[in-house]
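Predicted model only: the values in this text are computed from it and were never measured. Computation of the quantities below employed the complete heavy-atom set of this structure, encompassing side-chain atoms and omitting hydrogens, waters and symmetry-equivalent molecules. Each ligand, and each atom within it, is numbered from 1 in the order the structure gives.
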Amino acid sequence: MAVLRSLPDEEKALGRMSTLVCVSVAAEGTKAAIAAMAAAVAGGADLVELRLDLIPGFDLAALIGRRPCPVIVTYRPEREGGRFVGDESERLAVLRRAMALGAEYVDIEHDASSSLERVPGCRRIVSYHDFEGVPRPLEQLHRRLAALDADVVKIAVTARRIEDNLEVFRLLQGTDRPTIALAMGEAGVVSRLLAGRYGAFLTFASVEAGAAVAPGQVPLTDLLGMYRFRGITARTALYGVMANPVGHSMSPAVHNAAFRAVGLDAVYLPLLVQEPVSFLEQFTPLGFRGYSVTIPHKQTVIAALDEVQPLAARLESVNTIAVDDDGRKRGYNTDVEGALVTIEAALPPGETLKGKCVLLVGAGGLGRALAHGLTERGARLVLTNRTVERGLALAWEVGAEFVAMEEMGRVTPDVLVQTTSVGMHPRVEDSIVPAGMLRLGLVVYDAVYNPLETRLLREARRAGCRTVSGLGHFVNQAAGQFELWTDRPAPTDVMREALLAGLGAKD
Ligand code: NAP
């Protein structure tokens with residue numbers, strides 16, 4: 001018989017304690033579900049949710065008998081977003097049996113609550129799900145659910161925009177009742193990560209990556225490891241990356257590792273932002289002290305800032321925002337310096353970019369920033385871009401020569417700087433630089449960092465070029481952000497390790 005880890009006492013179990021971490025278990029059968037429960041507890045979960053509708057052919061007595069911690073038993077019908085499609089009385093009979101077998105919690109959908117009588121010792125989570133959006137006002141819904149003999153109220157809504165999380169936070173802050181409130185979807189991930197800060201009864205996590213039972217669930221190892229969920233309090237400084245899309249970003253892994261390494265009470269969040277100006281206005285007062293900004297917001301975000309560093313203003317590209325104690329927002333660009341330092345490190349000892357012939361491939365956001373940066377370093381710039389008008393406009397802006405892409409093989413540069421997304425995962429066999437122009441001693445920089453060795457860099461290495469991947473650039477720009485936010489040296493080794501580990505995990 002498995003050892004049952006019980007919650008400390010009745011009062012704590014009813015929510016007057018720090019927010020619990022619950023892993024939702026879905027599995028291909030009873031044996032796999034028992035293994036998943038054990039893995040969840042070994043990984044640090046306080047309790048597990050058995051999603052019976054996602055465990056085919058489950059053996060309820062075995063599941064409850066072998067639970068290693070308190071369980072929530074959920075048997076979600078299709079009408080509330082689950083997979084159970086049979087007879088309602090059959091479903092309720094299973095929930096009754098779960099209570100009789102000693103389950104600590106049972107999840108009862110709001111419309112079934114009056115059909116399921118209370119059983120002493122088993123707490124009732126009365127739940128409501130909205131897969132379309134946020135029903136308003138949430139407080140009214142909360143009152144209605146609480147009146148259904150609920151020990152814990154659960155409201156799961158769907159975030160269509162990141163601003164929808166604010167409704168969830170307001171609800172949690174305004175109630176003393178044990179409440180689970182979360183926003184599903186990628187835009188709602190912050191409601192799961194900040195559940196403790198706002199006093200939620202619990203937050204759900206998945207047992208591992210790819211095993212989420214609801215949109216936006218974060219894997220347990222990320223929740224407790226990368227985000228240090230249990231350490232997030234009202235005092236924790238908030239940071240994050242404003243992006244759309246954001247799911248692929250390596251910045252949370254890199255910055256959270258840095259905060260942990262220097263012992264800062266800070267957390268860095270993935271922020272799926274659609275409208276940067278209104279986002280900044282509404283979220284900064286929650287306690288945000290800084291943001292990374294990436295595609296597609298680097299330019300549009302400028303309208304929301306109180307001050308912009310001259311370089312960032314000239315480039316019309318802000319990748320970093322620092323928030324002062326008085327809430328003023330200052331914009332910077334750490335991208336250009338981050339890339340230039342990396343490229344310079346690959347030059348032969350004692351040499352600089354001054355006077356060097358640099359072929360810049362790409363006139364997108366990064367290409368434009370580097371065109372300015374390289375020109376300011378005194379490089380002789382030749383520029384190429386797939387869209388000729390864009391390339392020509394940039395060449396004119398910085399006083400560079402322009403060549404059509406199919407003509408780039410005619411240039412004999414000292415340094416080749418590749419800033420397009422060509423060669424990036426998953427199209428790793430693509431390259432737009434003709435192998436014939438790669439020669440001994442040429443410095444070749446590729447901004448792409450996933451994979452670390454692109455086809456271009458592989459061919460360049462074989463041809464005897466001095467190659468540089470986008471890894472160092474990424475670490476440098478992130479280190480620049482860290483230093484602007486914290487006024488202390490960035491732990492760059494830790495950041496590099498976190499990036500490498502993250503890239504490995506994403507493959
Ligand atoms: P962006 O503004 O969207 O620009 C994309 C550039 O790639 C444009 O020049 C575009 O040409 C070109 N391009 C896209 N697909 C192409 C294709 N099939 N053939 C030829 N050219 C193509 O993006 P960005 O912000 O400049 O980023 C570009 C790359 O740099 C991305 O891979 C990004 O991950 C990487 N990056 C790396 C770091 C780092 O820290 N290492 C930092 C920033 C960016 P058109 O003008 O013709 O569309």
Side-chain angles (χ1 to χ4, degrees), residues 241-251 253-255 292-301 312 315-320 333-343 345-346 359-374 383-395 397 400 402-408 416-434 444-457 467-482 492 495-496 498-500 502-503 506:
V241 53
M242 298 167 55
N244 187 5
V246 74
H248 68 288
S249 176
M250 289 292 150
S251 295
V254 169
H255 281 292
S292 307
V293 185
T294 186
I295 298 172
H297 301 311
K298 287 183 181 177
Q299 192 173 357
T300 43
V301 80
L315 300 175
E316 293 175 41
S317 175
V318 162
N319 81 324
T320 311
N333 185 301
T334 66
D335 248 346
V336 179
E337 202 52 30
L340 291 178
V341 168
T342 314
I343 297 166
L359 173 62
L360 179 64
V361 183
L366 180 62
R368 181 165 191 279
L370 280 180
H372 282 266
L374 288 161
L383 204 149
T384 186
N385 192 54
R386 177 181 60 179
T387 306
V388 172
E389 306 79 62
R390 196 181 192 187
L392 272 173
L394 180 60
E397 192 178 314
F402 180 83
V403 291
M405 252 188 179
E406 50 285 4
E407 302 285 309
M408 81 166 105
L416 189 150
V417 175
Q418 198 301 112
T419 70
T420 77
S421 43
V422 176
M424 194 164 79
H425 185 81
R427 301 194 49 171
V428 296
E429 278 312 311
D430 291 356
S431 172
I432 42 172
V433 176
V444 179
Y445 169 71
D446 197 336
V448 173
Y449 56 85
N450 185 10
L452 283 176
E453 190 174 72
T454 56
R455 174 172 166 192
L456 167 62
L457 289 188
T467 59
V468 198
S469 81
L471 179 91
H473 170 189
F474 189 92
V475 173
N476 287 345
Q477 60 82 30
Q481 300 185 322
F482 182 95
T492 46
M495 296 169 98
R496 182 181 300 270
L499 177 57
L500 286 170
L503 288 172
K506 294 256 163 177

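Atom CG of residue Asn333 and atom CD of residue Gln477 lie 9.0 Å apart, to the nearest 0.5 angstrom. In this structure, CE on Met495 lies 6.5 Å from CZ on Phe482, to the nearest 0.5 angstrom. How far CE of Met424 is from OG1 of Thr454: 12.0 Å, rounded to the nearest 0.5 Å. Distance check: Leu499 CG to His255 NE2 gives 10.5 Å after rounding to the nearest 0.5 Å. With values rounded to the nearest 0.5 angstrom, His425 atom NE2 is found 10.0 Å from Leu503 atom CG. In this structure, Asn450 CG and Ser421 OG are separated by 12.5 Å, a value rounded to the nearest 0.5 Å.
For Gly470, a nitrogen or oxygen atom sits less than 3.5 Å from a nitrogen or oxygen atom of ligand 1, counting backbone and side chain alike. Taking any N or O of Leu471, backbone or side chain, none lies under 3.5 Å from an N or O belonging to ligand 1. Any N or O atom pair closer than 3.5 Å counts here, and Val448 shares no such pair with ligand 1. Of the N or O atoms in Gly365, one or more lie within a sub-3.5 Å distance of an N or O in ligand 1. By the 3.5 Å distance cut-off applied to N or O atoms, Gln477 is not counted among the residues near ligand 1. Inclusion of Thr387 in the set of residues having an N or O under 3.5 Å from an N or O of ligand 1 is warranted.
Closest to atom 5 (C) of ligand 1 among all protein heavy atoms lies Gly364 CA, 4.4 Å. At the top of the distance list for atom 11 (O) of ligand 1, counting protein heavy atoms only, stands Asn385 OD1, 3.4 Å. Remark: minimum distance from atom 14 (C) of ligand 1 to any protein heavy atom is reached at Ser421 OG, 3.5 Å. At the shortest separation from atom 37 (C) of ligand 1 among protein heavy atoms lies Ala447 O, 3.2 Å. Here the heavy atom of the protein found nearest to atom 19 (N) of ligand 1 is Val422 CG2, 3.5 Å. The closest protein non-hydrogen atom to atom 28 (C) of ligand 1 is Thr419 O, 3.1 Å. In terms of protein heavy-atom proximity, atom 38 (C) of ligand 1 is nearest to His473 CE1, 3.6 Å. Nearest protein neighbour of atom 26 (O) of ligand 1, counting heavy atoms only, is Leu366 N, 2.8 Å.
Nearest to atom 23 (O) of ligand 1 by heavy atom, out of Leu370, Asn319, Asp335, Ile295, is Ile295. When Arg368, Arg386, Gln299, His425 are ranked by how near their heavy atoms come to atom 15 (N) of ligand 1, first place goes to Arg386. Of the listed options Val336, Thr420, Val475, Thr420 places a heavy atom closest to atom 7 (O) of ligand 1.
Every atom of ligand 1 is numbered from 1 in the order shown, and the set under 4.0 Å from a heavy atom of Gly362 is 9 (O). Less than 4.0 angstrom separates some heavy atom of Ala363 from each of these atoms of ligand 1: 9 (O). Using a 4.0 Å cut-off to heavy atoms of Arg390, the atoms of ligand 1 that qualify are 8 (C), 45 (P), 46 (O), 48 (O).
The closest donor-acceptor contact from the side chain of Asn385 to the backbone of Ala363 lies under 3.5 Å. Side chain of Arg427 to main chain of Val422: no donor-acceptor pair is present (N/O by atom type, distance under 3.5 Å, no hydrogens or angles). Checked by atom type and distance alone, the side chain of Gln481 pairs as donor or acceptor with a backbone atom of Asn319 at under 3.5 Å. Proximity of a side-chain donor or acceptor of Thr320 to a complementary backbone N or O of Ser292 within less than 3.5 Å is not detected.
Distances from atom 3 (O) of ligand 1 to the protein include no heavy-atom value under 4.0 Å. Taking a distance limit of 4.0 Å, we find that atom 33 (C) of ligand 1 is approached by no protein heavy atom.
Under 4.0 angstrom from ligand 1, the non-hydrogen atoms of Met424 all belong to its side chain. Contacts between Phe474 and ligand 1, counted as non-hydrogen atom pairs separated by less than 4.0 Å, involve both the backbone and the side chain.
Considering every non-hydrogen atom in both Tyr445 and Gly470, the closest pair reads OH-CA, 3.8 Å.
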